[in-house]
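Read through the structure below, which is laid out as structure tokens, and then see the notes.
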Amino acid sequence: MKVFVAVKRTLDYAVKVRVKADKSAVDLANVKMSMNPFCEIACEEAVRLKEKKVAKEVIAVTVGPKAAQETLRTALAMGADRGIHVVTDMRHDTELQPLAVAKVLQALGAKESPDMYILGKQSIDGDNNQTGQMLAGLMDAPIAAFASEVSVDGDKVHVTREIDGGLQKIDLGLPAVVTADLRLNEPRYATLPNIMKAKKKKIEEIKAEDLGLSLEPHVQYTSVEDPPVRQAGIKVESVDEVISKLKETGVL
Amino acid sequence: MQTTTPATSGAATSSNLVVTAEERALVREHTAKTDVHGVRLRLITADCPLYHETDESALPFEAPWWAFCWPGGLALTRFVLENPELFKGKRVLDVGSGCGSVSLACALVGAREIVANDVDRLAGVALAENAELNGLKMDGESAEGEPKLSFLQENRIGAGKAYFDAFDVVVVGDMLYDADFSPTLLQDLAHHRGVYFGDPGRTYCPQEVSEDNLLASYDHHEDGFSAIRVFRLTAA
């Protein structure tokens, strides 16, 4: 089977986020960018399907600026066979929204006919958790979101999902959409030999406007705020003082 | 990387580069001794710091293709050692010799003459190091009756049918990954009757290989691959 894996360039998970002075968005200037951690898990799962001979070809897809090519290279270094880069200058944490990405994936899928679409459950910038669901909706295809285990048996995909209060096991027909949760696998690290070979793999560049889709955002960001700064605590001398302070604040 | 060299015919019997002590020290510094199907090699292994370097610009040399035994070369090395009769007494060209594992395997099974060919000078240095590890002599140092092993630093891809036909056997380990040279190489060797490819399924590797031309398939569930195949393009 052919597998599409969607990967997104986001702020590195370890970076301390700063809000821009005009509060329009998070400041992305001179900040380390990486592959979204849930996309790494999705990519790892796709590569493992190939190593198990289930997948014949793994195609990594990204939508984003020129620099998002680095993210595709990371996917290729992990073991994806080739990449498709839909180039847009839209800000990928605010302007480029899940519905637009889902439409792009649907359009590319119509050309390539993959049997499975594996995505991260959400990106750590927009935190929307919508792209996979919207893609399945647009395609009228089955979806298993929050996957913690995936196996393929002929034309059926067995997925264990992480849901409130436990695990749910479901079977899907193909083509299917699967979104990766945190415990699906532990992604491999790229190594020098893999990076060297990845440089030789093919990346097809497509301008977003050439797809003939409307990628206009439907949600408007009005203001981005830092979390409130934590107020300093106070020291008390006795139990009685604790009780009186708690009474003052209305807790007791 | 390609340099002008005096050796232009297929009749090269001695290496066209002189390996310096500094270069050998450089290769030794960044590699570790390891064993690939019984061939001893100095490679950048997972124990070497450079294996985990993800920024190519931080390397002390150009991309070290010679410092890894790629899956295609790994399979071909094993195939040579398991099928010595195909290589014994033959005149062999190793295109893209890299670390030299396939050339050395050919020497170990008694090929008459082996020309290891690579564009990277350090591949020649690595070959010299690795030959020594396996007790093999290079160039004119080998005694009468011993395999003659030499290194040719030159791009011969695109040299055409006649050049390759001068060799009994041509071995190609993991060279079908490049948009520019891989299709040319396949063209050069399309009709050669003694060519052996080792490949895990790179982009330019022929998708379909007939049962007759598929010579071996080894499990290799790594790097996004599941098997490495050894195949030829035309029946011998």
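So that the names make sense, note that chain A is the first sequence line, chain B the second, and so on, each numbered from 1. These values consider heavy atoms only, across backbone and side chains, with no hydrogens, waters or symmetry-generated copies.
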Bottom line for B:Trp65: the part with an atom under 4.5 Å from chain A's heavy atoms is both
A:Lys197, part contacting chain B, at a heavy-atom distance under 4.5 Å
both
Heavy-atom nearest pair, B:Tyr51 first then A:Pro193, reads CE1-CG, 3.6 Å
Check the pair B:Glu56 / A:Lys199 against side-chain contact (heavy atoms from CB on, under 4.5 Å), numbers first and verdict last.
CA-CA 11 Å; B:Glu56 270 191 52; A:Lys199 279 180 96 173; 3.0 Å; yes
Heavy-atom proximity to chain A below 4.5 Å, by part of B:Glu53:
backbone
Minimum side-chain heavy-atom gap B:Thr203-A:Arg82 below 4.5 Å
no
So A:Leu192 and B:Phe68, do their side chains get closer than 4.5 Å, heavy atoms only?
yes
Please flag which part of B:Asp174 lies under 4.5 Å from any non-hydrogen atom of chain A: side chain, backbone, both or neither.
both
Side chain, backbone, both or neither: which part of A:Arg48 has an atom under 4.5 Å from a heavy atom of chain B?
neither
Top contributor to chain A interface from B:Gly201, B:Ala67, B:Ser226 [non-hydrogen pairs under 4.5 Å]
B:Ser226
Contacting moiety of B:Phe225, where chain A heavy atoms sit under 4.5 Å:
both
Note: vs chain B, highest number of non-hydrogen pairs under 4.5 angstrom among A:Lys201, A:Lys53, A:Lys202, A:Met196 is A:Met196
